[in-house]
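Every chain is numbered from 1 and lettered A, B, ... according to where its sequence line falls, protein lines coming before strand lines. Remember, it's a predicted structure, so these values are computed and weren't measured experimentally. FYI, side chains are in, hydrogens and waters are out, and symmetry mates aren't considered; it's all heavy atoms of this structure.
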There are 2 protein chains.
Amino acid sequence: MKYRRTNPLALAVLALLWERPMHPYELAATMRERHQENVIKLNYGSLYTVVDGLAKAELIRHVEFSREGKRPERSVYALTPEGRAELDSWLRELIAVPAREYPQFEAGISMVGLLPPDEAQLLLTRRAAAVEEHITALTTLTAQLKERGLPRLAWIELDYRMTMLRAEHAWLTSFTEATRDGTVDGHQFWVEAHR
Amino acid sequence: MKYRRTNPLALAVLALLWERPMHPYELAATMRERHQENVIKLNYGSLYTVVDGLAKAELIRHVEFSREGKRPERSVYALTPEGRAELDSWLRELIAVPAREYPQFEAGISMVGLLPPDEAQLLLTRRAAAVEEHITALTTLTAQLKERGLPRLAWIELDYRMTMLRAEHAWLTSFTEATRDGTVDGHQFWVEAHR
DNA sequence: GAGCATATACTCGTGGCCGGATATACGGGA
DNA sequence: TCCCGTATATCCGGCCACGAGTATATGCTC
């Protein structure tokens with residue numbers, strides 16, 4: 001039976017089990033340690049559902065119940081050959097084919113006309129500030145990672161995100177200015193609608 | 001009881017009902033007509049769930065069963081004052097506060113090291129081509145909208161998306177080139193891991 | 001050595017999203 | 001006039017995500 005690629009958390013699970021067999025809690029801990037949870041949404045409930053799903057599709061296999069001292073039983077999973085193939089194929093797809101996604105800000109900005117222009121201006125300025133803060137934080141973080149000897153390839157997703165955030169910031173600034181100066185095409189209508 | 005802002009489709013519903021009372025099917029049709037479905041994910045199942053939720057929170061109210069000829073019964077909903085307030089407040093939040101989102105490409109690119117560099121290069125090139133096509137399509141579309149006399153404010157979300165796509169394209173090009181030339185920091189390790 | 005916070009490890013119930021199924025009406029061509 | 005494709009309008013069942021809850025073990029402090 002074919003596996004339905006929904007939750008990218010499943011991809012992370014496959015990738016981690018490719019390194020070595022682990023039990024779910026360990027998967028979560030490892031993702032935390034490597035800051036992967038900033039890139040792929042992680043929470044326990046989903047993790048166990050996802051692991052079950054992968055096991056049902058035989059992409060991973062339940063290999064043992066281990067027990068250390070009197071700790072709770074741990075069920076360890078390992079990657080199967082089919083799982084390895086799925087990891088490869090899914091990853092290729094994620095990279096080569098842009099996914100149809102719906103960023104919330106697009107929804108918001110598409111309705112900005114419902115708010116009066118001066119308020120829109122304020123809100124956009126606030127967003128720009130938040131975005132800038134985020135950029136600063138990422139700059140600091142990447143500098144630290146670099147110092148620790150990690151090559152760019154190891155934090156390439158942060159590099160990508162920074163590029164995108166900078167682009168968003170530039171757009172926000174330019175649109176905010178246009179709103180302030182009244183040079184947005186449609187400004188006349190916008191002002192008149194809010195009186 | 002407070003409403004849980006999950007599905008942005010609910011925001012679209014509030015915005016449409018602000019114009020005039022409608023029944024769910026009409027909401028969907030209107031969204032289609034205005035190309036809003038490209039910005040906010042729409043499908044019938046979710047729509048009826050969302051409308052129910054809004055009604056339960058009394059942000060919209062069931063005003064009538066109308067019937068035209070022998071067509072199926074239609075249940076028409078209208079915006080309440082609380083709904084109007086919610087629309088405003090939610091919209092402000094969407095614009096001012098960047099939402100924590102998890103674009104799939106970030107997940108993919110973060111694992112690009114699992115693929116051999118030459119293949120990564122190929123996949124990234126394919127993505128760049130797809131992104132470029134998308135940009136071209138948007139350029140044509142916006143030109144048409146402009147011709148029809150629609151001001152930029154009316155398709156501001158397309159403007160935003162084009163900016164973001166261009167930024168992604170530039171990043172893809174630059175990273176692909178670096179991969180080809182072997183100038184990515186970590187290239188040595190990358191090549192050696194795949195032999 | 002008692003007590004409390006934290007770490008380990010998993011489970012379960014709720015609720016929301018989705019796609020496909022259903023049923024009727026209308027319009028146009030043979 | 002009959003048929004078929006499309007438009008109108010809604011409903012339902014399954015699946016999946018989520019976060020809170022549970023239970024034990026370990027370590028740290030006083």
Aromatic ring pairing B:Trp171/B:Phe175, orientation class (parallel under 30°, perpendicular over 60°, tilted between):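 Geometry flag for B:Phe175 against B:Trp171: parallel rings.
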[atom1]-[atom2] distance between [X] and [Y], expressed to the nearest 0.5 angstrom:
| X | Y | atom1 | atom2 | result |
| --- | --- | --- | --- | --- |
| A:Ile135 | A:Met164 | CD1 | CE | 12.0 Å |
| B:Tyr77 | B:Leu54 | OH | CG | 10.0 Å |
| B:Met111 | A:Leu94 | CE | CG | 8.0 Å |

From [atom1] of [X] over to [atom2] of [N], roughly how many Å is that when rounded to an integer?
| X | N | atom1 | atom2 | value |
| --- | --- | --- | --- | --- |
| A:Leu47 | C:dT8 | CG | P | 15 Å |
| B:Ile40 | C:dC17 | CD1 | P | 13 Å |
| B:Asp52 | C:dC18 | CG | P | 16 Å |
| B:Leu42 | C:dG20 | CG | P | 15 Å |
| B:Arg32 | D:dA9 | CZ | P | 14 Å |
| A:Arg5 | C:dC18 | CZ | P | 20 Å |
| B:His23 | D:dC11 | NE2 | C1' | 16 Å |
| A:Tyr77 | C:dA9 | OH | C1' | 12 Å |

Under 4.0 Å protein heavy-atom contacts per nucleotide of nucleotides 16-21 of chain D, with B for base, S for backbone only and - for none: SSBB--
Those residues of residues 98-110 of chain B lying under 4.0 Å from DNA chain D by at least one heavy atom: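 Result for residues 98-110 of chain B: none.
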Side-chain heavy atoms of [X] within contact of [Y], under 4.5 Å:
| X | Y | value |
| --- | --- | --- |
| B:Gln121 | B:Leu124 | no |
| B:Thr173 | B:Glu177 | yes |
| B:Leu14 | B:Trp18 | no |

Lys/Arg cation over aromatic B:Tyr3: B:Arg5, 6.0 Å, 45° cone: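 Pair B:Arg5/B:Tyr3 does not count as cation-pi.
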Per-nucleotide pairing state of DNA chain C [Watson-Crick or G-U, under 3.5 Å; [ ] pseudoknot-crossing; | other strand]: ||||||||||||||||||||||||||||||
Exceeds 12 heavy-atom contacts within 6.0 angstrom, atom CZ of A:Arg152: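 Yes, enclosed.
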ILVMFWY network linking A:Leu91 to A:Val97, side-chain heavy atoms under 4.5 angstrom: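 Different hydrophobic clusters.
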